[in-house]
Asker: 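Following this message is one structure expressed as structure tokens.
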Amino acid sequence: MNDEWRTISYRKAISALKRQKKPITSYQEAIKIRGIGDRTAEKIAEIIETGNLRRLQHFSEDDEVIKKFSDIWGVGSAIAMKWYAKGYRTFDDIIQNVKLTRVQRIGLECFDDLRERIPRDEVTEISKRVEEAACRIDPKLLCITVGSYIRGKPTCGDIDILITRNNTDGKTSSGPFLKLLNTLREQGLLTHDLTKHQEENATSRYFGICKLPGGEKYRRIDLFTVPFNELGAALLSFTGNDIFNRSMRLLARKKKMKLNNHGLYKNISRGRGGDSLTEGTLIAQRTEREIFDALGVPWR
DNA sequence: TGGCCAATACTG
DNA sequence: CAGTAT
DNA sequence: GCCA
């Protein structure tokens, strides 16, 4: 079921509603709001008049089951619905009857913990341990905790750490990366691997699960290595949030450019599907400021 | 009717 | 490749 | 889902 855009649309409508200063009291008021159309305004009107939405009464426990299945790491809507179609309704059904993939087993094992948000202080503590380990391997490694943490949120869904190294001496961060992962595993900080990455690429990513020694809960952690000259593009992309990223990339697209986690490119021609046909020319990647300027966006 | 709040890396 | 993830 |  591809309700991706419907979901996004509802989210947009919700945030538009939250922005309203006065309560909405009618269909006419609701439909004036940008992002709320006929269908949503109808639903709002029904809630105003009757106090609830009939449609929601039909929202059954079945939907809850599919939702819960897809909350397992490694299980998306397709697999969740497949399991449902086979008649499975509980985690126990799944464990008994399904040949789970390695990551799905981990997702299930850590299910409860991974649903919890992580207090900011704990993210700080975990980041510090990663940074110390990295520094012992190579003092010039630079670790930056990005994601919601760098945006100053009081809690985070996971821990995202970007690792880079000033490469003017010819070395990069990709070499020490595997060593760092091994060190963190030996320390017991990393408890489960969700990705087994291939070779030592210039840029590589690790997804896993960690737990502070004496800590209460398993936490999702992502580690990325980034070439030093791409740091700006990487920061922009991993700082988010998602909506901000997408809007920046859409802006780039409208200007016949392309923005990704490696950099900003110009002179892009795109096919019908929106995929770029030409490589384009790299015009900015080293700092966020460069990219903002090249896109014509006021800096912060 | 079709684009939108993207583009890309792993897994099996 | 489709699916899932960021 | 919304919008052009």
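Chain naming here is simple, since letters A, B, ... match the order of the sequence lines and numbering starts at 1 in each.
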Asker: Who passes side-chain hydrogen bond (donor to acceptor under 3.5 Å, both in side chains) against Glu125(A), sequence neighbours left out?
Answerer: Arg129(A)
Asker: Whole angstroms only, please: what is the CG-C1' distance between Asp242(A) and dT6(C)?
Answerer: 8 Å
Asker: Is there a side-chain contact between Asn260(A) and the phosphate of dT8(B), meaning an N or O under 4.0 Å from OP1 or OP2?
Answerer: yes
Asker: Output yes when a side-chain donor or acceptor of Glu122(A) lies under 3.5 Å from a complementary backbone atom of Ile118(A), and no otherwise.
Answerer: no
Asker: Without decimals, in angstroms, what is the distance between Ile72(A) CD1 and dT4(C) P?
Answerer: 11 Å
Asker: What is the distance, rounded to the nearest whole Å, between atom CG of Leu259(A) and atom P of dA6(B)?
Answerer: 12 Å
Asker: Can a side chain N or O of Arg253(A) be found less than 4.0 Å away from OP1 or OP2 on dG3(B)?
Answerer: no
Asker: Grab the OH-P distance between Tyr206(A) and dT11(B) for me, whole Å please.
Answerer: 11 Å
Asker: For a quick test of reading the model: is some side-chain N or O of Lys258(A) closer than 4.0 Å to OP1 or OP2 of dT8(B)?
Answerer: yes
Asker: From the set dT6(C), dC10(B), dA9(B), return the single nucleotide nearest to any side-chain atom of Arg220(A).
Answerer: dT6(C)
Asker: Tell me, please, which residues at least two apart from Phe238(A) pass ring-ring contact (aromatic ring centres under 6.0 Å, His included).
Answerer: Phe224(A)
Asker: Between Lys12(A) and Arg102(A), just flag the one whose closest nucleotide in DNA chain B comes earlier from the 5' side.
Answerer: Lys12(A)
Asker: Rounded to the nearest angstrom, tell me the gap between atom CD1 in Ile79(A) and atom C1' in dA5(C).
Answerer: 12 Å
Asker: Under 4.5 Å between side-chain heavy atoms, chaining through other members, with only Ile, Leu, Val, Met, Phe, Trp and Tyr counted: pull out the rest of the cluster around Tyr27(A), sorted by chain and number.
Answerer: Ile31(A)
Asker: Write out all pairs satisfying salt bridge (Lys or Arg N to Asp or Glu O under 4.0 Å) with one or both partners inside residues 154-169 of chain A, taking only residues at least two apart or from two chains.
Answerer: Asp138(A)-Arg165(A), Lys140(A)-Asp169(A), Arg165(A)-Asp169(A)
Asker: Looking at the rings of Trp299(A) and Phe292(A), which for Trp means the six-membered one, are their centres under 6.0 Å apart?
Answerer: yes
Asker: Kindly say if Arg246(A) contacts the phosphate of dA6(B), meaning a side-chain N or O under 4.0 Å from OP1 or OP2.
Answerer: yes
Asker: What's the closest nucleotide to the Asp160(A) side chain, out of dT6(C), dA9(B), dG12(B)?
Answerer: dT6(C)
Asker: How many whole angstroms separate atom CG of Leu236(A) from atom C1' of dA6(B)?
Answerer: 12 Å
Asker: Figure out the CG/P separation between Asn261(A) and dT6(C), and round it to whole Å.
Answerer: 15 Å
Asker: Under a criterion of less than 4.0 angstrom to any heavy atom of chain A, what are the 5'-terminal and 3'-terminal contacting nucleotides of DNA chain D?
Answerer: dG1(D) to dA4(D)
Asker: Arg39(A): what forms a side-chain hydrogen bond (donor to acceptor under 3.5 Å, both in side chains) with it, not counting sequence neighbours?
Answerer: none
Asker: What nucleotide, of dT6(C), dA7(B), dC4(B), holds the atom closest to the side chain of Trp5(A)?
Answerer: dC4(B)
Asker: Val103(A) or Ser247(A): which one's nearest nucleotide on DNA chain B is closer to the 5' end?
Answerer: Ser247(A)
Asker: Taking 4.0 Å as the cut-off, does a side-chain nitrogen or oxygen of Trp73(A) come that near to OP1 or OP2 on dT6(C)?
Answerer: yes
